[in-house]
Each structure stands twice: as structure tokens, then as C-alpha cells.
Amino acid sequence: MNEHPSVMRSLVVYKAGVEYIAKWTVKSTDGKVKREKENGFTIPVVKSEPENVFYPSPKQEKSLKREREENFESEFKPKKIKIENDKAKGKKRKQDDEDVKPKKTKNNKKGEVADGKKKAKPEPEEKWKWWEEERYTDGVKWRFLEHKGPVFAPPYEPLPGNIKFYYDGKHMKLSIATEEVATFFGKMLDHEYTTKEVFRKNFFKDWRKEMSSEEKAKITDLKKCDFNEINDHFKAQSEARKAKTKEQKLKIKEENERLLQEYGFCLMDTHKERIANFRIEPPGLFRGRGDHPKMGMLKRRSRPEDIIINCSKDSKHPKPPPGTKWKEVRHDNKVTWLVSWTENIQGSIKYIMLNPSSRIKGEKDWQKYETARRLKKCVGRLRSQYHEDWKSKEMRIRQRAVALYFIDKLALRAGNEKEEGETADTVGCCSLRVEHINLYPEKDGQEFVVEFDFLGKDSIRYYNKVPVEKRVFKNLQLFMENKAAEDDLFDRLNTSILNKHLQELMDGLTAKVFRTYNASITLQQQLKELTSPDDNIPAKILSYNRANRAVAILCNHQRAAPKTFEKSMQNLQAKIDTKKDQLSDSRRELKSAKADAKVRRDEKSKKTVETRKKAITRIEEQLMNLEVQATDREENKQIALGTSKLNYLDPRISVAWCKKWEIPVEKIYNKTQREKFAWALDMAEDDYEF
DNA sequence: ACAATGACTTAGGATGGTTGAT
DNA sequence: ATCAACCATCCTAAGTCATTGT
């Protein structure tokens, strides 16, 4: 296993940020009064009814009444002050604390009710525990929002004169606009995209739109275009980048850091929060996934005039670059985005939003798991209901019930319908077509087998053979009767109908909640089943990964096998072999040492025997760890664990497991993940139950 | 009803820095 | 010191789902 950063690190990072807050706060202080209060426990204001009062309630959130919208389903534990848990594990830190700025002690509430004098420099507080505070109701997402706006893509830099484009074998100097788009294509020459007909056709069409009339007249066939020098140029550039000296690299790094510091944070309410994507997407060629009809189209450069800024009225608005204007500056605190623009390929809106570690994302994430936990409580009832519904007289109800069964059992996505010709042809549950399943009354010794074969999100193939209840099977036969392959399997159903139904069954229930629920419950149950108390840490972690893998398989999270997979597997195997040899050598040595000791019967030789024994134990353990590693890697070849870990698994399950078995949480979550799940790290105890 | 829009979550691949072996 | 493997981060596409508009 490799090194893990010590726990302390995140605390440090956070503290580093604190000073900055101070600046912001001060600066915007004129906002005053109100802001101040918001911060501590005092908060609020929230206009709405006071029914939301804060439930100091402890773990059982059982009784939640709550109206939809901002419900509090969460359990609120009383605020405890516990210090960042970096407790323990103190030993390893090494790089971590480098910068520790002497922060002060402060206890949690930063708001300091107590001393609240504003001006006071904001004391260095510890990490803000937003999860110990009340939430907004009414769809209000924030009361104050200030940021610096987006960072635009750098302007196009024309090619050096010696890099030429050839048309039909002859050098041709392109106008700037035409050249820029040519470089987008030239850069990608090695990519198989550029060999696809659709890609080429779309590219060429859009490229021609950028051409001057002379260029357009001349360049009429993409096959006659020679982008090789352009391609070489960018390759060389990338090499050059890699070959830069340390100083040069450092300089770039510093510049990035500066940009991050300036644009990468915003002030939301009284807290400085990290922004996820503060850069506007650069122009380029659209790369859709799968068979996308728009692949190769030109994604145009966004200008300030395309950008909408969202911030609070009383904040200092970001300024557009000199000589330009924003499309609009609005003050909508019912949404979470800071910046938006409309993208030209699909006409959809893109946003700049906050990082997952932010309060606004964290709260929502927490809430998502609470909804899934509520489903846990009533899933039994829902299941019996849809079983009943398989017998309904109404076709729409049967379809709904069978679809729901798939969503529940197989963790299929809802499956919205999509506009044909605008996107790749992919489906989810409600949009399955007859051609996506095959029915086998009997297959491989099992009865009533349904074979699924379709492309889901991101054009990832879903292939599965599942035995189902006879009733489901019969229903499917019925749904498919007299239909053509390309007809909808569930012709009386769509996601809107399904979700409306689910909403009636449980507040906040939608199709995707089943994925969250089934993923989390599977992890919990697999961990219970797979963790052996006597295993060492690496073996326990293997168990964790296997539990995680069970979920990834359930959710069909795949990845292309790493290009270097075979090789790295071989290397690992070689290591194992070496270790084995070492082990037999050691054993031989032990034997001879024993023989020797028998003869000599002196202390020294006895000691040698002991040493040898120990060495063997150590080697055995190393060997075992290597083998565990190999197993883990092999099993993981085409499975991506990250997606479920990040989006489907209630982090409190993992935290509790770590606590229970004394596994350092950094073995499970890296720094970014720990930041995202700070709420869970702080609140989950070893007995947490999903 | 239902289509379109808007906001927000979920997703895999690309990129580039770090690390550990040689 | 060099190099490849590894992995965190970035990137942005592709979903979900509620709301709005017709």
C-alpha cells in the first residue's frame, strides 16, 4: 500500500483558508449587521415559518414530519464541539503541517455570538461545521454571495510561421479564425474521433463557417487537408512543457495558485467557499460519448457578453474584462450558481458552482442519504405493493410495477426520453425498447430469465441475465406482444408518471433514490459479511474494496481497462514470484540454522534460529499483502469504484466501519474525499447504521 | 397533457504531478 | 537520476427531475 497523508492535512489546509476569510469579511463588512448574525448559531431569519425549528433531536429522526421542500430529515445532533478528529494518528504526519499557521484555538462556532464585534478580525476559526447549523427553508440558498466572476480561456495564439497547413499538398496560409479551428482538429489527429465520419462531417461543416470566402472556395474536401505539422507542433509543445526546468514549473504552479486564490473562492453568507469550476470552458471540438450525432461540432468561445453573473445585490460585483460587458448580472438567491452561460452545441446552460466541500453541496448530499434511509424504512411496503400491481387490470399499472421492480432490483436509472438526433441513443428503465431485452423461459438451468443488453448513460453497455418472478416474465411477454423491436417496452409509462407515483408513496421519493438506497445498503451489508475481525489492515481494506466493488457492479460503473493493465499485472506477479523464492530461501536457511543449533546447542545459534523465524514471518506477510493486492487489482480491472464511492455510498457507513475496525480513514478516502465528506467524518460513530 | 427549460447530480476519460522501483 | 505506474484532479458530457410555458 502506499503512503497516506496524515489526517492532519485537511485541517491545515482549512486553516490556511481562514485568513482569507478574514479579509473577505472585513472587506465586505459594510454588509454588516445582518451578516454577522447569520453566522453563528444565531442565524436566521429565514423568512418562512418557524416551523423549522431545529431539531435537536438525536439520531432517530423518525418522526419527521416536515413539509417537503426543506425538510429536515436529518438528524441533528447537538452540536458538539469535538475537535477535528485528527486525533490520534498523530504519528505520521510529515509533510502535513508544513504550514500550519498558528491558528488559534477557537472553538467551533465561528460566529461568535459572544464576542461578536465585527471588526474584530475574524478569528481564525476552525473548520466550519455547517452541519451543526440550521438550514434555510423556502428554497433560499444563500443571503449573501460575492465572487470574482469566471476566468476566461486564454485568447488564441496564432501558430508560428514555420508551422504550415497544406491543402491538396500545397501550403496555404489560413486566416486566424480558420487557423484556430484547424488547430482544434490538428491537435486531435491521433485520436480515433478524427477518423469517424460523423465527426469529420460535423467538423468540416462548422469549420467552413469560420472560413473567409476565399478559403471556403478553396477548401472543399477535408481529405485534402494536411494538419500534420500542426499536430507535430502541439506534440512538441507538450514535450517542451514536460521538459521545463523545476523553476519554470514552479512558476506555472504559482501562477495557477494565484488564479485559484483570486478566482477559486467566493464568499457565501459569511463563509469563504471553494468554487468547483471557475474557468469558462475553452473552445474546441465537441466530443460526445458513444455514437453522438453532434461529435466534431465546433464549441465556440464564450465571451463576457454570453455570461450571466449571479451574486447578491449588496456584494461587490465581478467586473467584466475591460471593454466588455456581462450579458446580465442577476441576484437570484433561489439558485446556487455563480455564473452561467448557454453552450452552443445542445443549447443547454452551463454553470459555475461550488465545490463538493461547500455547505451548499454538502447539505444536499447529506439530505440525499437521509431520503434513502427513509426509503429503507418503507421499502418493504413498496415492494409488496409493486408485487401486487403486477396483477393489476390496468396495463399502465403493470408497466409501472415492472419498471419499478427493475429499478429496485437492478438499480437501473429512470430513463428519461431524449430528443432523437440530438444525442447518442441510450436508454434507462422507462425508455427501454423491445430490442433491449430477450426472454428465456429457461436458460442455463434457470427459469424465466430476462437478458438485458442496452447502452445506458455515457453509452456504457449494460448486459445482464436475470431470473425473474414468473409474473414479471409473463408481463414482459405481454408488453412485447405485437410490438416491433424499436417500440417502447413500457409504452404507457415515462419517468414523469413513475416519479409522480413514487412521490405519493413516500415524500421525496424518486427513481434515483433507489440507486442510492440499494448502493448504500449493499455496502453496509457486504461490509458486515466480508470483514473478518482477525484480518490485518490490508486484508480488511481488500474486504472494503470488495464491498465497494459489489456496489459498482450493481450500478454498472465500468471503466476501460487501463492501457497498462496487463503489464502492471505481470510486474506484480513477478514481485510475487520473487517474494516466493525469497521465502523458500529463508525456509531453507531456517532449516539449516535449526540443524546447526541442534549440533552446537549454544545461545548464538539459537538466536539465529529465532531471527530466521521472524524473517520468515515477515516475508510471509509481505507475500500475502502482495497477493491481496494482485487479487484486488485483477478484480478491479474493468470496474470503477470511484463513482459509487463519491455519489452513492453514504459516507457514514464507511466512516463507521473505519472506526469500528480501527482503519485509518485515509485508507478509504483521500484528501478531496475527506473534504467532501467532512460532515460524515465528524458525525458518524462506529455504530452508525444506514 | 406535454414539451421545453433550468438547475443540479452523476459520469468516465484526459491530464499532469507524485511516487516508488531501478 | 530516470522512468513508468499510479492516482488525484480536472474537465465537461450526460443524466435526473421539478418547474414553467403552451
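Keep in mind that this is a model prediction, so the values were computed, not measured. Hydrogens, waters and symmetry mates are skipped; everything else that's a heavy atom, side chains included, is used. Each chain gets a letter, A, B and so on, in the order its sequence line appears, and its residues count up from 1.
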Enquirer: Whole Å only: how far is the CG atom of A/L646 from the P atom of B/dG12?
Expert: 11 Å

Enquirer: Which is true for A/G415 with a 4.0 Å heavy-atom rule: it touches a base, it touches only sugar-phosphate, or it touches nothing?
Expert: sugar-phosphate

Enquirer: Listed by chain and number, what are the salt bridge (Lys or Arg N to Asp or Glu O under 4.0 Å) partners of A/K235, not counting sequence neighbours?
Expert: A/D190

Enquirer: Mind calculating the distance between CZ (A/R461) and P (B/dG12) to the nearest angstrom?
Expert: 16 Å

Enquirer: Closer than 4.0 Å, any side-chain N/O of A/R515 to the OP1 or OP2 of B/dA11?
Expert: yes

Enquirer: Assess whether a salt bridge exists between A/R300 and A/E281, defined as any Lys/Arg side-chain N lying under 4.0 Å from an Asp/Glu carboxylate O.
Expert: no

Enquirer: Pairs counted as Watson-Crick or G-U wobble with both distances under 3.5 Å: what dot-bracket string results for DNA chain C, using | for bases tied to another strand?
Expert: ||||||||||||||||||||||

Enquirer: For C/dG15, does OP1 or OP2 lie under 4.0 Å from any side-chain N or O of A/N416?
Expert: no

Enquirer: Rounding to a whole Å, what distance do you find between A/E417:CD and B/dT5:P?
Expert: 15 Å

Enquirer: Can you check whether A/S348 has a side-chain N or O nearer than 4.0 Å to OP1 or OP2 of B/dG6?
Expert: no

Enquirer: Could you tell me the separation between the CG atom of A/L649 and the P atom of B/dT10, rounded to a whole number of Å?
Expert: 11 Å

Enquirer: With a non-hydrogen cut-off below 4.0 angstrom, is A/S496 in contact with a base, only sugar-phosphate, or nothing?
Expert: nothing

Enquirer: Which atoms of nucleotides 10-14 of chain C (N or O only) lie under 3.5 Å from a protein N or O atom, and what are those distances?
Expert:
unit_1, atom_1, unit_2, atom_2, d
C/dA13, OP1, A/K299, NZ, 3.1
C/dA13, OP2, A/K350, NZ, 2.4
C/dA14, OP1, A/R289, N, 2.7
C/dA14, OP1, A/H292, ND1, 3.3
C/dA14, O4', A/D458, OD1, 3.4

Enquirer: If I take atom NZ in residue A/K141 and atom C1' in nucleotide C/dA18, what distance separates them, rounded to the nearest angstrom?
Expert: 11 Å

Enquirer: A/H557 has a side chain; which of C/dT16, B/dC8, B/dG12 sits nearest to it?
Expert: B/dG12

Enquirer: With sequence neighbours left out, write down each residue that passes side chain to side chain contact (heavy atoms under 4.5 Å, CB included) with A/K418, or none if nothing qualifies.
Expert: A/T423, A/T426

Enquirer: Could you check A/R413 against A/I252 and say which one's nearest nucleotide on DNA chain B is further toward the 5' end?
Expert: A/R413

Enquirer: To the nearest Å, how far apart are A/L412 CG and C/dG15 P?
Expert: 14 Å

Enquirer: Taking only residues two or more places apart in sequence, or in another chain, which ones meet A/D332 in a salt bridge (Lys or Arg N to Asp or Glu O under 4.0 Å)?
Expert: none

Enquirer: So does A/N499 get a side-chain nitrogen or oxygen closer than 4.0 Å to the phosphate oxygens (OP1/OP2) of C/dC17?
Expert: yes

Enquirer: For A/Y517, give me all partners under side-chain hydrogen bond (donor to acceptor under 3.5 Å, both in side chains), at least two apart in sequence or on another chain.
Expert: none

Enquirer: Taking only residues two or more places apart in sequence or in another chain, which ones pass ring pair (Phe, Tyr, Trp, His ring centres under 6.0 Å) with A/F227?
Expert: A/F165, A/F185, A/W207

Enquirer: Check the phosphate of B/dG16 against A/R241, side-chain N and O only, distance under 4.0 Å to OP1 or OP2. Yes or no?
Expert: yes

Enquirer: For the residue pair A/R287 / A/Y193, report whether a side-chain donor-acceptor contact shorter than 3.5 Å exists.
Expert: no

Enquirer: In whole angstroms, how far is the C1' atom of B/dG12 from the CG atom of A/N556?
Expert: 12 Å

Enquirer: What about the rings of A/F677 and A/Y669, do their centers lie closer together than 6.0 Å?
Expert: yes

Enquirer: What's the closest nucleotide to the side chain of A/V335 if the choices are B/dA7, B/dG12, B/dG13?
Expert: B/dA7

Enquirer: If only side-chain N and O atoms of A/T495 are considered, is one of them under 4.0 Å from the OP1 or OP2 phosphate oxygen of C/dT16?
Expert: no

Enquirer: What is the distance from CD1 of A/I460 to P of B/dG12, rounded to the nearest Å?
Expert: 6 Å

Enquirer: Sequence neighbours left out, what passes salt bridge (Lys or Arg N to Asp or Glu O under 4.0 Å) with A/R274? Give chain and number order.
Expert: none

Enquirer: Please compare A/S238 and A/T516 by the position of their nearest nucleotide in DNA chain B and report the one closer to 5'.
Expert: A/T516

Enquirer: Check ring pair (Phe, Tyr, Trp, His ring centres under 6.0 Å) between A/Y351 and all other residues, then give those that pass, not counting sequence neighbours.
Expert: A/W337

